[in-house]
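Beneath this line is the structure, given in structure tokens, with notes to follow.
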Number of protein chains: 2
Amino acid sequence: MREPHHDTSSPKPAPKAVVGRLSLYLRQLESFGRQGRETVSSSQLGQALGLNDAQVRKDLAYFGQFGQPGLGYRIDDLVVEIRGILGVDRDWPTALIGLGNLGRALLGYKGFRLRRFRVVSLFDNDPRKQGHAFDGLPVRHTDELPAAVADEGLRLAMICVPADAAQRVADQVVSAGIRGILNFAPTSLFVPPEVSVVAVDLSVQLEHLAYSVHNLHGSGATDDVSAAG
Amino acid sequence: MREPHHDTSSPKPAPKAVVGRLSLYLRQLESFGRQGRETVSSSQLGQALGLNDAQVRKDLAYFGQFGQPGLGYRIDDLVVEIRGILGVDRDWPTALIGLGNLGRALLGYKGFRLRRFRVVSLFDNDPRKQGHAFDGLPVRHTDELPAAVADEGLRLAMICVPADAAQRVADQVVSAGIRGILNFAPTSLFVPPEVSVVAVDLSVQLEHLAYSVHNLHGSGATDDVSAAG
DNA sequence: TAGATTGTTAATCGATTAACAATC
DNA sequence: TAGATTGTTAATCGATTAACAATC
């Protein structure tokens, strides 16, 4: 550092646990907003989510100074800020790959639309599924992924195929230019570093629940795992 | 401690991150087993999951000494051990509450059956759903939860109702005697300490993906979040 | 035996919580 | 102003990684 008083170093990147909590803050703030509240303090926000007030302030401070000493945070403003940070202030055209039980269910899940994740393109390599349409969208072969990325501006993909097909599909998705994968298949995916993968593993979560009930019941520890529901 | 050479202190409880990885080890070991392999070293197991070898050994050591120096771990034996630790070596009779899109999908999801989570009882307080059956199971009112717990030995519940009904349903579930909740509703649940809650929040996970693609793309960081899919 | 690999201790790294001056 | 609350530094806590003697 050449000039000690001009801090040109980039700010610390936020740990991923912080990003997860940011989603929870957003949801709680939206709820407070619907109730007509205008401001909230870090301790009030923390209490609603079971978190420490210092943690709320520190998490938000990774991204900027959004509060006013003595007053707290203006709810509407903070909602706008967090939406921008998370990137949910715009549409995310998304491909859904694999139209088994889980894939078809996700297609109907309203929670995605609410956050502007738009499933605009369906893929399944089972010939019996091709030609069919779900929700008005035709089912295509994954060979058509590159064309769909170009035509529809796809940016994310949800992979809902069986485990033994998941890595192959992931490779296709990546080479088609998609940069974010939500993986519902029960297997680890290996992708290049410029691609992000979020794993949604229902079995892992159910097993965690079984473990807690089996081993911890009565021990007194509330075991609220991962991002609160 | 009165007798320094007789360590009567209880072993350290495993952090929940360890329990999550235990599920991943189990799945990978089962896969190795299907391939006909007999033993695996901590570094081989770690590599298949993108984890450090020391972490694999340390995680397993929370629960006992399962390996042999120079040889590694016997796959079949370790599978049996981990199943026992997680509690997935027995059936888990489970209630499914809320039969919207997501609830009906979960009912058909094969991954649960594979791990011996049996959905044996359905609940929904929408009068239009009552009398209907899904998968051969009748839909009942949540008022009947206590009777179902007694009759069917229910131990877990999956809550798939809208956010504004989730806490009310959780209270009913808890007072009916259920000790473990898988919460799919997008809201935090508050329960007594002897009840475990695992939150499955698809929006939080999708938002994390949006954040990574939006802010980190090209930065070189693989961002494999939570338990690998 | 020599080579491989464990279980465990020590070192490192990162995340959470406490404390408090600055500020509205 | 007095009371409340932030942003941030320091202290604590916990989790990961490195190192290595013990062991097969």
Side-chain angles (χ1 to χ4, degrees), chain A residues 7 9 11-22 24-25 29 32 37-75 77-78 81-82 208 221-228, chain B residues 7 9 11-22 24-25 29 32 37-75 77-78 81-82 208 221-228:
Chain A
D7 183 2
S9 64
K12 278 186 208 143
K16 56 195 183 187
V18 172
V19 178
R21 286 193 296 267
L22 220 50
L24 302 181
Y25 300 151
L29 289 165
F32 283 151
R37 295 182 55 168
E38 301 211 331
T39 64
V40 69
S41 70
S42 57
S43 60
Q44 291 166 337
L45 183 53
Q47 192 153 56
L49 295 165
L51 302 172
N52 182 289
D53 64 309
Q55 181 160 70
V56 172
R57 293 197 298 280
K58 194 146 210 278
D59 285 350
L60 295 173
Y62 273 103
F63 304 99
Q65 303 193 162
F66 306 123
Q68 287 173 276
L71 295 174
Y73 301 86
R74 289 200 48 81
I75 288 171
D77 294 349
L78 191 51
E81 293 283 359
I82 296 180
H208 203 131
T222 297
D223 186 62
D224 206 323
V225 167
S226 83
Chain B
D7 183 1
S9 65
K12 275 184 210 144
K16 55 194 181 188
V18 172
V19 178
R21 286 192 296 268
L22 220 49
L24 302 182
Y25 299 151
L29 289 164
F32 283 150
R37 295 183 55 169
E38 299 211 332
T39 64
V40 69
S41 70
S42 57
S43 61
Q44 290 167 337
L45 183 53
Q47 193 153 55
L49 294 165
L51 301 171
N52 182 289
D53 63 309
Q55 181 161 70
V56 172
R57 292 197 298 279
K58 195 148 208 280
D59 286 349
L60 294 173
Y62 274 102
F63 305 98
Q65 304 194 161
F66 305 123
Q68 288 173 273
L71 295 175
Y73 302 86
R74 289 201 48 80
I75 288 172
D77 294 349
L78 190 51
E81 293 284 358
I82 296 179
H208 203 131
T222 298
D223 187 60
D224 206 326
V225 167
S226 85

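Order of the sequence lines sets the chain letters (A, B, ...), proteins ahead of strands, with each chain counted from 1.
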Shortest non-hydrogen contact between [X] and [Y], atoms and distance:
{"X": "T39(A)", "Y": "Q44(A)", "answer": "O-OE1, 4.5 Å"}
{"X": "H208(A)", "Y": "K16(B)", "answer": "CE1-O, 3.2 Å"}
{"X": "F63(A)", "Y": "A14(A)", "answer": "CZ-CB, 3.5 Å"}
{"X": "F32(B)", "Y": "A48(B)", "answer": "CZ-CB, 3.9 Å"}
{"X": "L29(B)", "Y": "I75(B)", "answer": "O-CG2, 3.5 Å"}

CG-CZ distance between L60(A) and R21(A), expressed to the nearest 0.5 angstrom: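 Separation between the atoms: 10.0 Å.
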Y25(A) side, atom OH; L49(A) side, atom CG - distance, nearest 0.5 Å: 7.5 Å
Of S42(A) and A17(B), the one whose closest DNA chain D nucleotide lies more 5':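 Mapping each residue to its closest nucleotide by heavy atoms, the 5'-most match is S42(A).
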Residue whose closest nucleotide on DNA chain C lies nearer the 5' end, G70(A) versus G72(B):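 The residue mapped nearer the 5' terminus is G72(B).
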Inter- and intrachain pairs under salt bridge (Lys or Arg N to Asp or Glu O under 4.0 Å), touching residues 38-56 of chain A, at least two apart: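 Of all non-adjacent pairs touching residues 38-56 of chain A, those that pass salt bridge (Lys or Arg N to Asp or Glu O under 4.0 Å) are D53(A)-R57(A).
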Segment of DNA chain C, first to last nucleotide, that comes within the 4.0 Å heavy-atom reach of chain A: dA15(C) to dC24(C)
For DNA chain D, the dot-bracket pattern of Watson-Crick and G-U pairs whose distances stay under 3.5 Å, | for other-strand partners: ..||||||||||||||||||||||
